[in-house]
Structure formats: structure tokens, C-alpha cells
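Below is one structure; the comments refer to it alone.
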Amino acid sequence: MGMAQPKDQSVDMSVYRDDFPILNGQMNGKPLSYLDSASSAQKPRVVLDAIKTLYEGRYANIHRGLYQYSQETTTAFEAVRSKVAAFIDAPSSDEIIFTRNTTEAINLVAQSWAKANLKRGDEIILSEMEHHANIVPWQLLAKEIDFKIKVVPVTDEGKLSFGGFMSLIGEKTKLVSLVHVSNSLGTINRVDSFIDAVKSFNPDIKVLVDGSQSVVHHQVDVQEIGCDFFAFTGHKIYGPNGVGALWVRGDVLADMPPYQGGGDMIERVSFKDETTFKDGAARFEAGTPAIAEVIALGAAIDYVSDIGMDNIAAHEQVLLAQMTDGLHQIDGLKFYGTAPDKVGVVSFTADWAHISDIAMILDQCGVAVRTGHHCCMPLMERFGIDGTVRASLGLYSNSDDVQALLEGVKKAKEMLS
Ligand SMILES: Cc1ncc(COP(=O)(O)O)c(C=O)c1O
């Protein structure tokens, strides 16, 4: 399914916690238990250092200068393209486009590939589980082009319904865009099976996979998955904000028109003749990119690769079991996302208090969790709720964090019920 299963359960992950300076801090006078990594991960020292080292040492704009600093910074920047390609097993680094984040990556596909290829009456398939980043760009475009958006239903345990998906595929289907791992529920979607099915029906149907949450928790292989577009965001994978990546399969990329115009994406600009554009990924990177952020994303990728995605996955599964078992022993909680294949995310509501009140008490206990709709309003609507309390793990999470959460929820129950 494009994600390797954990193999080495013996690695002591506690050694990595000290790499994250912020985790030694306190919140409301209590040791910080950061359980909001699905929203944004904390940054290891190597990532912070990569930014500082660049600005203090070798900073210059890229692709333009013939002087040493510019050339060295260009080399460092372009090296990250290869790192990203290797990280998700893309066939070529020329197929990696740097974006601001997943949101921009999906908007890019909508405004470039989809705008050029979809027409009135066509159909695209999304799911009830999508983040707004994989809904709203399509709704905006559908208003312009008048194609139809069909929606894969979610089962009670928080899985995409395969039967529901199959019933939506038809002659008019042009694109499928699905989330790999749900940020709200933690469910790992078997996107490879969905892609096999849709490509067997019609190999020309394109598939986008939103990998924002999957690259963080497991090894991803875009070729094994079989998609055409794969998007992820840097800040969830221990990298900085302001950088993400989009992989586009080479033959699809070759025909995509520019998305934004400006410097660096052109071959020749003229008022007399037609302006021409670069080939490949460069055509989609108009203007000065987030140079330091891209380089720091490279440091983050090296960091997690050195630890091993399998080790990270194994560690998170142990803590997930501890967190799930502990929360199940507290009366009155209802859980969303109970499918067995899931990453370190637990989402719940309580029949004894509103989610915001629980989160406020957790805050006082030094426990950072997310409450609300998690940018998945249609999913909340599906379950008939406004939102959940969501605790999510990172590679640095430990049993003390989980314990602090459990104690905090018990305290909230005592105070609020
Ligand atoms: C599944 C999923 N898709 C897309 C996004 C959007 O990421 P960004 O805000 O970095 O573009 C997120 C972030 O929460 C996410 O979890």
C-alpha cells in the first residue's frame, strides 16, 4: 500500500527528544506535553541550525548569480529536490515542485492540470474525509468549469467505503483526489487499492494523493501507490513552515500549463514574440522560493531518514496503544476513527463536557491538543458533531506525554461532570 510496516521495535527513541529544544519548556508552569503534531510538528536542532547556518554563512539568491555564494546556495537548494524525490521514491527529481505547502500544491494541480483538462459535465471524486485543502480548490474551480464533485462516504469506523468509491466511478470521471492518512481520525487509507481499481476502469483517470499526514508516519513510495500527483507539507515533517512539495508524474507534468507567472519560470520574455517557459518543475516555481526553508526541509528529511521511518512508526504505534487503552478506561468518551490501520492520532468527544472545556483544562495541565473540526467540516458533519479533541503523536512523544493527557482528561472529568 506504499507504506512499509514497522520492523525494528528495539530502537530507543527517547534519545531523539533532546533534539527538540522547545520540548524542554513549560506551558502554564507544567512540563510541556505536546500532542498536536498532526497540526504542526516541532523542529529538531538540525532544522533550526540549517536556517541559521545559511543566513549567517552562505545566503544568496539562487539560480541567478555566478558568484560562489549563489552557486553554493543553488546547489544546496537543488540537492533537496533529489532528497525529496528519494524520500517518496519519485522516479526523478525533475518531477518535484517546491510549493508553500500542501494547500498550494493542490491549488496548483487544480489551476494548472485540472483547468486545462476538465470541462463542463466531467466528474471528480473526493471523499468525506478530506481536509479543506483538498476540497475548496476543487469547489472554486467547479464554479468556473461546472464539473461535478462526487464524494466517497466514510464508514462508522472512519474508513473510506471501497464499495461507495466504486459506485462513483464512471465514464465522466476525470480525477480522483484522496487523503492518504486522515488528520482527524488517523485512518490509513489503502489508496493503492483505490488507485488500482480506478486505473483498471480507465488508466487515463488521474489520481492525486494528499500525503500531508502519511509521509510523517511511514515510508511512502509514490510509484508503488500508483498515483499521478502526491502532495505534502514541510512543517508536519519536522521542517519549517512555508515549504511543501508536489510530485507530478513526468508525462503528466510535461503537458501542464504554468500556474503562476514571474521570474525563474521562463525561458524568454518578450513583448514582441511569445513568452516561453521552462520545462518540468521549474515552470511552476515563479519568483524567489523559500530558499532557507527548502534547505531546512532537506535537513528534516535527512533527520527522519537517519532515524528510520519504520522506527518512528513502531514507536508511535506503542504510544498509540497506550493512549487508546488509557482513554478507553475513562467513562463517557466517544471515539472517532476506530479502524485498526491508523497512525498516532486519537479523536474523541465526551458526554460530560464540551470539547473546548476539556482542551482548556488540558492546557492548564501543560498538555497541547487540538480541538475543533480540524479543517474537516464535512467529516464532522458525517459524524453529526462540531468537532473532537484530537491528541496526535510525533517521533519525540513519550509515555510521560500520554500519561499527562490521561491525567488531564480525568481531571477534566472530575471538574466538568
Ligand atoms: C491531510 C491534510 N491535508 C492538507 C493539509 C494542509 O496543510 P497545509 O496547511 O500545510 O497546506 C493538512 C494540514 O493540517 C492536512 O492534515
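Just follow the structure's listing: the first ligand is 1, and inside any ligand the first atom is 1.
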Find all atoms of ligand 1 within a distance of less than 4.0 Å from any non-hydrogen atom belonging to [X], and give their numbers and elements.
X    : value
T102 : 4 (C), 7 (O), 11 (O)
V179 : 1 (C)
K236 : 12 (C), 13 (C), 14 (O), 15 (C), 16 (O)
T233 : 8 (P), 10 (O)

Heavy-atom contacts under 4.0 Å between H235 and ligand 1: side chain, backbone, both, or neither?
side chain
Measure the spacing between CG of L395 and CZ of F20 and express it to the nearest 0.5 Å.
4.5 Å
For the ring pair H328 and F335, is the centre-to-centre distance below 6.0 Å?
yes
Determine, for [X] against [Y], whether the closest basic-nitrogen to carboxylate-oxygen distance falls under 4.0 angstrom.
X    : Y    : value
R17  : D19  : no
K43  : D49  : no
K115 : E144 : yes

Would you mind checking which non-hydrogen protein atom is closest to [atom], with the distance to 0.1 Å?
atom                    : value
atom 15 (C) of ligand 1 : H131 CD2, 3.3 Å
atom 16 (O) of ligand 1 : Q213 NE2, 2.7 Å
atom 1 (C) of ligand 1  : D210 OD2, 3.5 Å
atom 8 (P) of ligand 1  : T103 OG1, 3.6 Å

In terms of side-chain heavy atoms, does E381 have a donor or acceptor partner in H373 at a distance below 3.5 Å?
no
For S212, is at least one N or O under 3.5 Å away from an N or O on ligand 1?
yes
Over 12 non-hydrogen atoms of neighbours within 6.0 angstrom of NZ in K159
no
